[in-house]
Amino acid sequence: MGLAPHTDSSLITLLHQSSNATGLQISGDGGNLWIPVNPIPGALTVNVGDLMHIATNGQFKTALHRAVVNRTRHRVSMAYFYGTPQEVKISPPMKLVDVDHPLLYQPVTWKEYLDAKGKYFNRALEFIKCEALFIADRCRQL
Ligand SMILES: O=C(O)CCC(=O)C(=O)O
Ligand SMILES: [Fe+2]
């Protein structure tokens with residue numbers, strides 16, 4: 001099964017890929033260039049997800065990736081999405097926020113973020129950005 005380009009909503013994702021077929025690809029430039037992440041026997045792939053991006057005020061960048069299929073080999077992958085307890089608001093520690101590094105995202109729970117992801121998919125991070133006029137107040141209260 002292939003997967004369209006996306007970022008994971010998690011803090012981190014632990015991914016096991018079967019070692020007989022390639023398929024996972026990552027992009028560092030918004031989807032113009034795709035780099036294969038080939039399986040290494042006995043190793044897990046660790047993806048940085050959107051919650052980590054929010055919790056580090058954008059210092060750890062969420063990883064845009066996709067899975068492509070091939071006609072000759074079966075491929076199995078297993079992902080574990082590691083997140084936060086339901087009621088916890090995710091925001092960066094204050095030492096990552098100062099005049100040179102203003103708060104980038106409104107504090108959200110994982111559930112609130114998943115709701116935004118369901119509505120806006122790959123634009124969900126943009127939707128909770130502090131510079132978006134309609135949420136600027138929620139960022140200022142901190
Ligand atoms: O199959 C893969 O390698 C990727 C799976 C994935 O990106 C996901 O489940 O979010
Ligand atoms: Fe993924």
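Each ligand, and each atom within it, is numbered from 1 in the order the structure gives. Quick caveat: nothing in here was measured; it's all calculated off a predicted structure.
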- Message: Below 30° counts as parallel, above 60° as perpendicular, anything between as tilted: where do the rings of H53 and Y105 land?
- Response: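 If you compare the ring of H53 with that of Y105, the planes turn out perpendicular.
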For [X], the ligand 1 atoms whose distance to one of its heavy atoms is below 4.0 Å:
| X | answer |
| --- | --- |
| D8 | 10 (O) |
| H6 | 6 (C), 7 (O), 8 (C), 10 (O) |
| L3 | 5 (C), 6 (C), 7 (O), 8 (C), 9 (O) |
| H65 | 7 (O) |

- Query: Stepwise, does the salt bridge (Lys or Arg N to Asp or Glu O under 4.0 Å) test hold for K119 with D115?
  - Reply: CA-CA 6 Å; K119 273 194 202 149; D115 288 346; over 6 Å; no
- Item | Shortest reach to atom 2 (C) of ligand 1 by a heavy atom, considering only S77, A4, P39 |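 Of the listed residues, S77 has the closest heavy atom.
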- Task: Have a look at Q17, R75, H16 and point out the one with the heavy atom closest to atom 3 (O) of ligand 1.
- Result: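 Looking at heavy atoms only, R75 sits closest to atom 3 (O) of ligand 1.
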- Nearest neighbour in protein (non-hydrogen) for atom 9 (O) of ligand 1: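 Checking every protein heavy atom, the shortest distance to atom 9 (O) of ligand 1 gives F81 CZ, 3.6 Å.
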- Closest non-hydrogen protein atom to atom 4 (C) of ligand 1, residue and atom name please, with distance?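 Atom 4 (C) of ligand 1 sits closest to the protein heavy atom L24 CD1, 4.0 Å.
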- Message: Looking at ligand 1, would R66 count as a contact under a 4.0 Å heavy-atom criterion?
- Response: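 The answer is no, since R66 has no heavy atom less than 4.0 Å from ligand 1.
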- Query: Do V108 and I12 sit in the same hydrophobic cluster, where Ile, Leu, Val, Met, Phe, Trp and Tyr count as joined when their side-chain heavy atoms come under 4.5 Å apart?
  - Reply: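 In one cluster with V108: I12, yes.
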- In the single-linkage hydrophobic clustering (I, L, V, M, F, W, Y; side-chain heavy atoms under 4.5 Å), do F81 and I26 co-cluster?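 Different hydrophobic clusters.
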- Might you point out which heavy atoms bring H101 and L96 nearest each other, and give the distance in Å?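 H101 and L96 have their closest heavy atoms at CB-O, 3.6 Å.
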- Is it the side chain (CB and beyond), the backbone, both or neither of L15 that lies under 4.0 Å from ligand 1, heavy atoms counted?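 L15 to ligand 1: side-chain contact only, backbone stays beyond 4.0 Å.
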